[in-house]
Amino acid sequence: MINRDLALFVKNLMPEFENSKDPNKPVSIWKELDRLRGFPEKTVVCIFRTNGCAWYKFSSCSMCGYFNDVSSGIIDENLFKQIDILKSSLNGAKVLKIFTSGSFLDPREIPKNVRDYFFESFKDSVDKILIESRTEFIKQETLDDIKRHKIPLRIAIGLESANDYIIKYSVNKGTNFNKFLSAAKLLRANNLELRTYLILKPPFISEKMAISDVISSVRAVAGYSNDVSINPMNIQKNTMVEALWKRGLYRPPRLFSLAESLLKSRDSGTEVLSYPTGGNRDRGVHNDEFDGKLLDLIVRSSLNQDFNELDEYYNSIDKSKYYMEIDLEDRMIFQSDYKKLVSHLSESVMFY
Amino acid sequence: MINRDLALFVKNLMPEFENSKDPNKPVSIWKELDRLRGFPEKTVVCIFRTNGCAWYKFSSCSMCGYFNDVSSGIIDENLFKQIDILKSSLNGAKVLKIFTSGSFLDPREIPKNVRDYFFESFKDSVDKILIESRTEFIKQETLDDIKRHKIPLRIAIGLESANDYIIKYSVNKGTNFNKFLSAAKLLRANNLELRTYLILKPPFISEKMAISDVISSVRAVAGYSNDVSINPMNIQKNTMVEALWKRGLYRPPRLFSLAESLLKSRDSGTEVLSYPTGGNRDRGVHNDEFDGKLLDLIVRSSLNQDFNELDEYYNSIDKSKYYMEIDLEDRMIFQSDYKKLVSHLSESVMFY
Amino acid sequence: MEKKDNVFTFGNALSLYYKDYETPLIINTDDINQFKRSDKFYVLGNEFNAEIKYPYFMSSLYCIESGDIVMVYNAVELIQRPRLIIKALMALRKKYGFSKLIYLPGIGDPYIIPVLVYAGADLFDDIYIKEESINNIKYTMMGKTKSSDNNINDNLKFANDIISLLRSAIKTGTLREFVEKFQYSSRAIEMLRIIDNDYFSDYSMVFPVYTPYIKANTIESLNRPDIVSYRNYIKNDYSKPDVENLLILPCSAKKPYSKSKSHKKILSRIEKYRKYIHELIVTSPVGLVPRELESMYPAAFYDIPVIGLWYEDEKKMINDLLKSYLLKNRYKNIVAYIDEDLNFIKSSGNIILIEGNILSEEKLSELESTLRDLTINSPKMDHLFNYKSMLSYQFGTWIKDYLDDIKISRSYNMDMVTRNGRALFVFNEKLGRFTINRNGACIFLNAGKKIVYIDDFKPTSYVFNAGIKDATDDIKPGDEVIIVHNNEIRGVGTALISYRAMIDLDHGAGVKVR
Amino acid sequence: MEKKDNVFTFGNALSLYYKDYETPLIINTDDINQFKRSDKFYVLGNEFNAEIKYPYFMSSLYCIESGDIVMVYNAVELIQRPRLIIKALMALRKKYGFSKLIYLPGIGDPYIIPVLVYAGADLFDDIYIKEESINNIKYTMMGKTKSSDNNINDNLKFANDIISLLRSAIKTGTLREFVEKFQYSSRAIEMLRIIDNDYFSDYSMVFPVYTPYIKANTIESLNRPDIVSYRNYIKNDYSKPDVENLLILPCSAKKPYSKSKSHKKILSRIEKYRKYIHELIVTSPVGLVPRELESMYPAAFYDIPVIGLWYEDEKKMINDLLKSYLLKNRYKNIVAYIDEDLNFIKSSGNIILIEGNILSEEKLSELESTLRDLTINSPKMDHLFNYKSMLSYQFGTWIKDYLDDIKISRSYNMDMVTRNGRALFVFNEKLGRFTINRNGACIFLNAGKKIVYIDDFKPTSYVFNAGIKDATDDIKPGDEVIIVHNNEIRGVGTALISYRAMIDLDHGAGVKVR
């Protein structure tokens, strides 16, 4: 389940935490559109500052930089204050998404009394909440406990890929597909909704393989998921992916690949969506040439679950060079930001 | 008639004479075959050491190195002794060829009393004599004088080319075709025989042009000449041609060119012959590859005045490269040993 | 511009499209031969007498001219001594400028043609190539080889490929690169070295003021005319700012240096002392780069193989230059903050050496504390110094007399030199040079510098050579120029070719108008 | 030899015809892709697992092997730091010798391939070329350029032309020339310099003992392994003859020097003193040539552009070498008879300098009278010294112990070293080396030098590698060897490849038998 060398390498990249941030304030709060109730609507998003993901103690996922938002020594009092701040920031919003840089259901991050305070704070004003958790914290007793508050919940699990080899050798998730399946089944048995996160283009695999992996992963999880969010890689600080990227050994996926993945997954039987972070920028999903419209259509079709316009636009573009390039990259057993390394090398040659 | 710059340049190459040679001995005496009486026969050749050619006082021909065989201060007494030596070397030969590194008929070289002594010495033992002269010494009074001795004579004139431009700008002969014509007519009027020398490939003109010049020169002189000797360039010491050759700026003609010239001249109406000096060697007529047979056939066909075997052999050889090379050289306004200079330059380039 | 009007120069090299042929050119001598008569022949329509020609060693003559062409008839003799052929070519370009095409018959070796074009030859012919071909020599990218047959067509193609690359190289300004890297013939290298060593002053008059890049892969790069000109400027004409402290730094692969990781790290550490310090970068092949010239050509445009070892020629060049520099430009304190491979500079002056790993914390703090101590009570640098220095470098030190009351402003991401709110010069980072704004043109008119004199018309996109009456002899290809008719400024622009070519040629464009 | 049995090496480079492919080779990845499975893929028939591979910076790993091939899977990462890729290649050749083909996926830049082949890479692929092609980059003899379309076929042809030139260069022994002159990429030059500087001792073990020619056109020529080996011999192992006088002379373009006009003129003037004098020629890139080694490789086989100026690196090399030489080899009198451009050597020892025009009558008589005075009562040179010195240079100083009672004789225009009337060695002027005669073989058997151990058979024209059991590690390509089975001499011949290749390879010829 774990590739020890990889895990250690990732761990070593994580910085020593500095406690300079205010423990009484969430990392951030903002509004965005999502469709947690089957239609696009304003959703308030909040990242709580916690002691961090349980998996950080051992390692971290290869692309996860949320440990940067973590403080050590967060106590219940701090979390209560953060919850209060969030409450005062709702402005009438009815849907909430809660991130903790780890697992909301991990009692070491969000102790039971904090969790209770959280649900109690919002049960009157909010109609739907999405929280995230690693599979190991999705236990019947925890679910029993949260169901008490009677708030409609969707629980998001970062599966990343249904391929255990990729999870272990690329993502370094410290879990596997079977554990996901058990958790998903348990949620369904408890009538709780599930959002599954998949990563598009984890490190060390080719973009072509990444597309095919995400498509087959969607198919593998569709039956268990209320929706599936395809998250194209976004390069975060101090992560292994960043270390690769800085050396020209990783390129975030192209927008074309995300569109391709969405279009090929839309008939999977569940809602498939993507709200890319850092889209059209160097550290996020982007084509070689800026394409604002494509990114916009990806988000819009995700929100509306109507992919026709995206399909049409996507098909209108000449992608022959894109196909050739990802095919060439796929011929390499060793993955890199191939185009960049080629151009570095090529720059050494006379050019006129 | 004279190109002053050229004449001066040639003159400057002539060394100061050193009087180390024995003035009482001819430069050399040897036997060879010639056909001065219409058939091949042994002929004694003698080069007398004299005070030198009248033309040396001003300059020299561009290819003539006979000044190397000249001494200053030769007096009649010396010449008498040289004649005596020749006489004692005849061994029963009936034909004589006399060279003087100048003109036998020039009284400053061979004073009248020496000339008389010469003819008197041989009139009983010798049946035919060839002597050489520049045209300016072929005067009626001189002819009258030598006819007294009643020895059959052939007089050789070095015309070199019937083209006055070449005589002036290439050969630096200090004479012209008209002078030759007058002399030739005078000889004929006096019933004296004429051998005309033509040079094959004087300097500064292409080999292709040289061939065509020698062929047209043969035609121009055939009517006045008992025979025409085509002399392919032979590079002699201290000559301008040697100075050129040493710098890669002159290449003696190819044997092919000599054969071509002979074969194209044989129907000119007179005997055409060539006994090349230095044939098949670097300083003489030679092909890029040694061809003993061709040289041999040239001499034999000259002697026998039967060119069929030469013709046959010559036509059996693939000469396409030869034709291409002389054609390429002919495209150059400036002449050189082109192949050699090309290879010098080319040697500077990487070769594998 | 239609094709007919294409004229490009690079140094002595000329690429032009003219009368349906384009130069440089390998003439097909079948065409000459076809119309040859016993007394005359024609080269590209120009009639020559077919007279006997004597060698140079006899006559000291080497050329005949007719119409557009001057023919070095005995090129094949001259090239046997590389100094002779180069002397002839340089003399002919000097005499005829670009008004004649120089023809070198019989020496069209494709491995030697590039340097001959660089030296000024325009026309070659196929005789040499045919001669080699019938002797079964084959041309390849690895040099010549012997094959079993006549490769005349392949060889002509090879040679013509070189010719068309040369045309591109002249157009794109990369000819020097091509010639320098085309190291197949020792003779060709000798000729390049002769041009660089013996004809620097002539050649630098026509060498472009900027080229797209300098790949200093060969030792010959040290002697590029543009680089030597730059170093000469630093040695003879450069003046330091009025500060007391000099900081010597190593170069970086990334240009300008201050954008590199190493410089960024160092500079962020010493930020607060920088205004008291003049910075000087030590490098090869450009030698020394005062910080303010780092964005200019050639400092920002070169690239050199680096393995942490310096050639002796580089060391000597740097040391000699540094010594001259320090002799002329006096500082109270000189600190050299360098890696150990550069410590050969220590003897060039009275230098405080901080050597070692320049990115190590230890060395960085040593540098910081050294500079802190040295800059106490030290005078600050004039904030206009950088721009005055840059302008002096580009246009000549004369311009300093014309820069009173200037100000610097930045707009649209471009630095501008202004006076009374009007832009005089705009710095173009991509070219590493200033462009002259219309408002700055009078400076040049008054000083009599960089002027193209035209007939009475209003220049639009290009000034064609046919309309150019004269030009000042300080104009090289790529230079900023002002366009003048009868003492009246008609425009500003960029010289496309050298002043001599503008005057000599009567077609093609001479100035790109802005 | 049929085509299948072709094996050639040059340093670490290998050209072999094997299983229907020939190396070096650009693999068509369409062929790989076609048979690729999710877990496996095949390269030239060798199966590899398609596993995730981590970068070198994470894992310090870089290769996997299968069958005939070792693949540097992250070559594209390593080559970003030239030292890393060269380190990997040198390590792999050292580890595997020539028993594996080294595959560098994804970095088939045709301008960089030559130096990688020189470093030991055998296999490349078309991925890089295709990637550049779809981005409209076009390859030319002047470097890369951008065109308006996809030049994939032209580019593949260009790259494959380079590959076939490389094969020829390995076969003809001209690979070093090609790599040195192929100056298109600064990265490639860095790699060549790294090999020369950091891996000299490894590389010189496999570098041929002679090559057809040395065109020392670039500064990198100074560091050719064969030339450095030669200079090291002069510096560390050479011993002077027992004479008191040294005459230092300049080099000449014509080789051997004594056949040149200038040397002929000088030597004819000093003929009668020569037996009392040792002559030493000063030159670049080989440094110093004692007269008796002038006909040998490399002294008689190099050519360098000469314009009467020396590079600083040449001066330093010559001065350093001359100093070491004179420290080890003591002479009573040292006369340097040189042109002025060489007078930089004057500080290398206590030298009587006669400088100026070395062909002038004035200088020649000065030389003559100087030598006349110095050679009075001076000891003569041993007439065998020259041959002993030549043999020591070629085979090693150990051979001096085996040269008692030798005589020199000349027949058929060849110099022979004989003992008891039997030839031991014959000097081959064309190669600049001795060949070992059968009678001389026992010297090597006794000394344990230059031995190829074979199975029990009688060698005829070639010894094939399949029949070679072992070889002494002093054998480089081109070396004279003796062929031995069970301590019994079976023949003499010339090594075609290095000892390591003979041992590792099981096809192709290893020794040409005489």
Side-chain angles (χ1 to χ4, degrees), chain B residues 9-21 62-63 65 68 203 233-252 278 280-284 286-292 334-352, chain D residues 8 10-11 13 15 24 114 117-118 141 161-184 192 208 210-218 220-221 224 252-255 259-262 264-265 285 300-307 430 477-478:
Chain B
F9 191 91
V10 174
K11 176 75 179 167
N12 284 334
L13 291 171
M14 293 166 66
E16 297 296 314
F17 302 120
E18 282 175 41
N19 258 322
S20 58
K21 297 295 165 53
S62 56
M63 69 292 185
N68 293 305
M233 180 67 78
N234 175 43
I235 292 165
Q236 300 175 359
K237 292 246 152 104
N238 303 315
T239 59
M240 191 181 72
V241 170
E242 188 189 46
L244 293 168
W245 175 73
K246 282 188 170 170
R247 287 168 172 81
L249 297 174
Y250 179 80
R251 187 209 187 285
N280 264 329
R281 280 189 293 198
D282 278 359
R283 284 177 175 257
H286 66 279
N287 283 343
D288 287 343
E289 272 137 54
F290 180 89
D291 191 337
F334 175 78
Q335 287 302 310
S336 63
D337 184 347
Y338 188 59
K339 190 167 189 164
K340 182 183 273 179
L341 293 189
V342 164
S343 95
H344 278 181
L345 190 55
S346 191
E347 267 168 24
S348 81
V349 178
M350 279 169 61
F351 201 96
Y352 68 97
Chain D
F8 300 90
F10 186 104
S15 173
V117 166
Y118 182 80
M141 278 186 285
D161 284 351
I162 299 282
I163 286 284
S164 75
L165 289 172
L166 285 167
R167 290 176 190 158
S168 299
I170 295 169
K171 286 172 200 169
T172 56
T174 54
L175 180 64
R176 171 73 191 199
E177 292 296 320
F178 187 32
V179 172
E180 241 178 49
K181 276 50 166 202
F182 210 70
Q183 302 252 356
Y184 296 96
L192 181 60
Y210 67 88
T211 70
Y213 64 88
I214 298 167
K215 277 228 173 291
N217 293 359
T218 65
E220 283 76 23
S221 315
R224 277 175 68 112
S252 61
K254 195 177 173 87
K255 311 283 176 333
K259 295 272 166 68
S260 72
K261 261 189 211 165
S262 58
K264 273 193 201 159
K265 190 157 183 181
F301 292 78
Y302 74 94
D303 169 33
I304 189 163
V306 174
I307 66 159
K430 243 181 76 188

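In what follows, chains are A, B, ... by sequence order, proteins preceding strands, each numbered from 1. In this text the structure is predicted, and so the values were computed from the model without any measurement.
Few gaps surround CZ on B:Arg283; more than 12 heavy atoms of other groups in view lie less than 6.0 Å from it.
Annotation: the span from B:Met350 atom CE to D:Tyr213 atom OH amounts to 4.0 Å, rounded to 0.5 Å.
Side-chain atoms of B:Phe351 and D:Lys215, non-hydrogen and from C-beta on, never get closer than 4.5 Å to each other.
Heavy-atom distances place no part of D:Lys171 under 4.5 Å from chain B, backbone and side chain included.
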